Amino acid sequence: VRTPAMDATEEKEEEPEAKAMAVEMGASERRQVTILNAVFEMDHGEDPEDDQEHLRDLVGALKDIYEDVASRFEAFQLPGAAEEVTLVFGYPQAREDDARRAVAAGLELTERTRGMSSPGEPSGGVFGRVGISTSLVVVEESEAGERAITFIGQAPRMAGWLRGLAPPATVIIGPYTRKLVDAYFDLELAGTHEQTQFGDSVEIFQVAAAVSPDQAFTAEVSLQGREDEFRLLLDRWENVADGGGQFVVLQGEPGIGKSSLMSAFVREVFDSGQTTLVPCQCSPQERDNPLAPVIRALRQYVLSLSPSESSAESLEKVESFMQRQDIDSDNAVALLAGLLSMDFGEQHQKPSGSAQSVRIQTLELLLDLVSHRAANNPVLLVIEDLHWADPSTLEMIQMMVDRGPAAGLFVLFTARPVFKADWTKRSYVLVHELLPLSRRSARSLIETAADGRELPDSLVTRIIEE
């Protein structure tokens, strides 16, 4: 798989990311990547002779989708045919969620192309087949002729092979990618295939959908070396269970264990009794989308809205939800419906005031809903990756902290050290920085992750030091 080399003179200032697991070998390096390979086919119906101008427009639309998905999910796009795209996750920068972003990108590609019509054939359509594989590869820069970057290894070959096995409009992943994303997506065994070039029998999996965060939090995680921090969180939870409120910020470098510690804590809280979980995940792809993590949480986990529902059905859910919260005012329903981009027609009056006034009213309403729920039943509000939060979400958090601890409400944040905010200095906000594991704990964790496989001491030492 080849692509023109990136211009070394172009530099973009970025926040620190997870270090690539790369070993330099002269002009080459060895690193782990996840590769997505997708092809998009047209169902022409009974007439294969499509209008060429419409075909050109369709190819242009596909190209725009490729570029948008590559940008939003921070992938390196390789050149290819108009109806095919290959994205590399983990190059030129490695991130701890490379495999997760690859699978999410694959689902988005199939979803966004599913509704596209073939030119001149309304009954036809476009469907994608996506294959995703993860492995160590050798990344090599060649100076012979046109400078190019070459990825040599199993992932490029297996991604193409998996794509060929994928049914229309589906995403198929390999066994190692499955290990990395199993807790975050609903996966179904799609068969076992004899393939000697990949090690005899290979199990492949179809990605059905992303699982809800509360399902993801039930996955088993290792607390090796984090027992003290875990007890600290449980002590703070006892305060909430007794009627108090709590703000906690878990801060640390990428890959240091914030998500594992948080997941173990959420699981323990759920096992101990009735608790309402409100999960919000900030994303670098949504920094310009106001309240994106809040809106997603409302749609998926609070209101259980479905994309297949009509506007009237969704609005009815909002009205019913407000009545259960003893907030059935016309203005409150209109504010929440407006936030969710619902058309409420003449059933409710539009909120009065300027755009700024409506925005503040909406933020106040969101905070009122959370505190009201917490007063009746403990609420665990989890906001992950604050360093990627959009300005409106940060403003809502500032307003929430300004109100002070709310009875029955535990707000757990995770963030990298680059995140700074004055509210973290409040006396009732606990900021806990996760430090690197001790060498003994790190070695034990590596041995557990290796699942019985013997690793060279030099590799284990390098992992610990980096």
Side-chain angles (χ1 to χ4, degrees), residues 1 21-23 30-41 75 78 80 84-91 94 96-107 109-110 127-140 150-211 215-216 218-222 445-456 459-460 463:
V1 182
M21 193 55 215
V23 179
R30 193 179 185 204
R31 66 162 68 208
Q32 178 173 291
V33 300
T34 298
I35 292 184
L36 177 156
N37 182 253
V39 66
F40 297 88
E41 303 170 8
L78 305 182
E84 183 176 349
V85 64
T86 301
L87 304 178
V88 182
F89 298 80
Y91 180 86
E96 56 191 299
D97 62 345
D98 284 329
R100 287 172 58 186
R101 286 185 293 109
V103 175
L107 289 174
L109 283 171
T110 58
F127 56 86
R129 304 175 190 266
V130 180
I132 299 174
S133 179
T134 304
S135 79
L136 286 173
V137 299
V138 173
V139 184
E140 185 176 72
T150 307
F151 295 90
I152 304 172
Q154 186 183 91
R157 293 180 289 116
M158 181 176 273
W161 176 68
L162 292 170
R163 183 209 70 195
L165 297 174
T170 61
V171 178
I172 297 292
I173 65 175
Y176 188 62
T177 305
R178 177 240 180 177
K179 288 184 178 181
L180 298 175
V181 305
D182 187 48
Y184 304 98
F185 296 91
D186 184 9
L187 307 177
E188 301 171 357
L189 180 64
T192 301
H193 296 259
E194 298 297 326
Q195 184 57 261
T196 56
Q197 65 171 322
F198 300 133
D200 298 326
S201 296
V202 179
E203 289 187 333
I204 67 173
F205 301 84
Q206 180 174 329
V207 184
V211 303
Q215 290 176 288
T218 62
E220 291 283 354
V221 294
S222 174
L445 186 61
I446 293 168
E447 291 173 352
T448 301
D451 196 23
R453 291 172 294 178
E454 288 290 333
L455 299 178
L459 178 58
V460 173
I463 294 173

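Computed from heavy atoms alone, side chains included, the values below leave out hydrogens, waters and symmetry copies. Please read all numbers here as calculations on a predicted model, not as lab measurements. Residue numbers count from 1 along this sequence.
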- Item | Residue of the set Val39, Ile35, Leu36 for which side-chain contact (heavy atoms from CB on, under 4.5 Å) holds with Thr86 |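 The side-chain contact (heavy atoms from CB on, under 4.5 Å) with Thr86 is passed solely by Ile35 among Val39, Ile35, Leu36.
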- Task: Answer whether the closest heavy-atom distance between the side chains of Asp182 and Phe205 falls below 4.5 Å.
- Result: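 SC-SC contact between Asp182 and Phe205 ruled out.
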- Message: Quick check: do Asp98 and Val33 have side-chain heavy atoms less than 4.5 Å from each other?
- Response: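 No, side chains not in contact.
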If you look only at distance, which donor and acceptor atoms sit under 3.5 Å apart when one is on a side chain in residues 158-174 and the other is two or more places apart or in another chain?
| residue | atom | partner | partner atom | Å |
| --- | --- | --- | --- | --- |
| Arg163 | NH1 | Asn37 | OD1 | 2.9 |
| Arg163 | NH1 | Glu84 | OE2 | 3.2 |
| Thr170 | OG1 | Pro167 | O | 2.6 |

Ignoring hydrogens, what is the shortest heavy-atom contact between [X] and [Y]? Give both atom names and the distance.
X: Ala94; Y: Arg31; result: N-NH1, 4.0 Å
X: Ser135; Y: Ala155; result: OG-N, 2.9 Å
X: Val137; Y: Gly153; result: CG1-CA, 4.1 Å
X: Ala75; Y: Leu87; result: CB-CB, 3.9 Å
X: Thr177; Y: Ala99; result: CG2-CB, 4.5 Å

Reported [atom1]-to-[atom2] distance for the pair [X] and [Y], which is rounded to 0.5 angstrom:
X: Arg178; Y: Phe185; atom1: CZ; atom2: CZ; answer: 14.5 Å
X: Thr192; Y: Ile204; atom1: OG1; atom2: CD1; answer: 8.0 Å
X: Ile152; Y: Glu140; atom1: CD1; atom2: CD; answer: 4.5 Å

- Task: Output all residues satisfying salt bridge (charged side-chain N to carboxylate O under 4.0 Å, His left out) with Arg129, sequence neighbours left out; order by chain, then residue number.
- Result: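 Arg129: salt bridge (charged side-chain N to carboxylate O under 4.0 Å, His left out) contacts with Glu41.
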- Task: Sequence neighbours left out, what pairs pass salt bridge (Lys or Arg N to Asp or Glu O under 4.0 Å) with at least one residue falling in residues 189-198?
- Result: none
- Message: For the backbone of Gly128 and the side chain of Thr110, can you confirm whether one donor and one acceptor N or O come within less than 3.5 Å of each other?
- Response: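 Judged by distance alone, no pair lies under 3.5 Å.
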- Message: Between Phe151 and Tyr91 (judged by ring centroids, cut-off 6.0 Å), do the two rings come close enough to count as a pair?
- Response: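 They qualify: ring centres under 6.0 Å apart.
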- Query: Under the 6.0 Å and 45° cation-pi test, does Arg101 pair with Phe89?
  - Reply: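 Here Arg101 fails the 6.0 Å and 45° test against Phe89.
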